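Take a look at the structure below.
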Amino acid sequence: MFSTDRRAFLKAAAAGSVVSVFEIPSLASAANAGPVKPSPGSYSFAIGEFQVTMLCDGVFFLPTDSFATNVQPEEKKPYFDAHYLAPDIVRLQANPLVIDTRQKLILVDTGLTPGTEWAAHAGHLAKSLSAAGIEPGSVDTVVLTHCHPDHIGGLITDPTGQFPKADLVLSETELDLWNSPDAASKLPDWAAAGAPAVKQVFAALGDRLHPIKGGSDIVTGITAVDTPGHTQGHISLLVGSGSDQLLITGDAITNIHFSFDHPEWQIKWDHDREQAVKTRSALLDRAATERLLVVGYHYPFPGVGHVVKEGKGYRWLPADWVVDG
Ligand SMILES: [Zn+2]
């Protein structure tokens, strides 16, 4: 099932028969992933009374031709070259985060499943939590923006034990999608193979599952925002405390380059690519117009910054890394 043979993987990807994203090989041997012994990472900042801690889960790889799927090669290649995006594989970071509201400790997304080939350079959530001084047992709530394996992955191995007292919150649309008896017919082929693992997480958590509707508060100050397209039930989060606000985009805005310059460029991993374009454009516009602080799950760590309108698109403006004390 797994293959570390890069050529075979790319050939399969080009033919559209690539293994499920749940089974994608790491390509680690083919790509320069940086240090051999990665250090865990965390970065904290305040949103009013809340403390937000970004956690580095690591990096993983996806084929370049899975991005900008509606763009001709003669337009795509020079753009990707100019942005140091390799012609065969793109490296993505995974950035879960914790919000400490002073009442509740809320983890948003859980990274990749440690020990899998896809997570050869990821799956470091536990180490990064430890580095940040956060006990997994103190997490009250895990929120999933959606159920792709780079977001639910940290729950797959031990759904009830990884965060032993935590409830799991996700949109009811997302729960219904993956938990449906005919999930395979509602999911893209590459995602359908992962549905059983997701269902097992839901079954193990039982009454600790709390599906919500978009627009509802997870706790006071943290509101779910429906951002469908990447998955049917994908949610982003709007965090507000005092006069501060933070938009957690999840995967509605995937990449700091092409998702900003060309929100209309489609992505294979979006279940409904046309809806995803609409959602991405609307969310970018909102972030820029309302001057919101933004965090992105797949942005270079820590992935905190602003969205600026530029030309026909937008530009990612990273925030300074501020160290208190
Ligand atoms: Zn993702």
Side-chain angles (χ1 to χ4, degrees), residues 13 18-27 54-64 66-69 85 89-97 107-114 116 118-125 128 142-156 170-171 174 177-178 187-188 190-195 197-198 201 225 227-237 247-260 263 265-273 275-277 279-280 283-284 294-304 316:
V18 71
V19 289
S20 156
V21 70
F22 289 75
E23 303 165 1
I24 279 178
S26 70
L27 298 173
M54 305 300 300
L55 300 161
C56 180
D57 187 68
V59 297
F60 64 103
F61 305 90
L62 289 171
T64 304
S66 64
F67 299 98
T69 54
L85 297 164
I89 52 174
V90 170
R91 186 168 63 195
L92 290 90
Q93 295 211 221
N95 304 329
L97 63 89
L107 171 67
V108 181
D109 290 331
T110 66
L112 281 70
T113 305
T116 57
W118 199 37
H121 295 278
H124 301 304
L125 174 60
S128 291
V142 175
V143 180
L144 292 178
T145 57
H146 63 296
C147 293
H148 283 165
D150 51 320
H151 297 255
I152 197 174
L155 292 174
I156 295 283
L170 74 171
S171 85
E174 191 73 0
L177 171 68
W178 295 87
L187 293 164
W190 58 265
V198 175
V201 171
V225 180
T227 45
H230 186 63
T231 65
Q232 290 89 322
H234 185 282
I235 52 170
S236 301
L237 301 176
L247 175 65
I248 299 170
T249 63
D251 279 9
I253 309 168
T254 309
N255 179 275
I256 62 161
H257 299 304
F258 48 80
S259 295
F260 281 71
W265 283 9
Q266 296 182 1
I267 295 170
K268 172 179 175 174
W269 315 111
D270 291 338
H271 291 195
D272 182 338
R273 297 179 196 180
Q275 179 60 54
V277 166
T279 294
R280 184 157 50 245
L283 205 59
L284 284 161
V294 169
V295 299
Y297 191 75
H298 293 304
Y299 303 172
F301 190 80
V304 184
W316 174 243

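Treat the numbers as computed from the prediction; the structure is a model and nothing was measured. Every number for a ligand or one of its atoms is a count from 1 in the order of the listing.
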Asp150: which N/O/S atom is nearest the Zn ion (ligand 1)? OD2
Nearest to the Zn ion (ligand 1) - the N/O/S atom of Asp251, by atom name: OD2
Are [X] and [Y] close enough that their ring centres sit under 6.0 Å apart?
| X | Y | value |
| --- | --- | --- |
| Trp190 | His271 | yes |
| Tyr297 | His148 | no |
| His230 | His151 | no |
| Phe67 | Trp265 | no |

So, is His148 placed with an N/O/S atom under 2.8 Å from the Zn ion (ligand 1), counting both backbone and side chain? no
2.8 Å cut-off met by an N, O or S atom of His151 to the Zn ion (ligand 1): yes
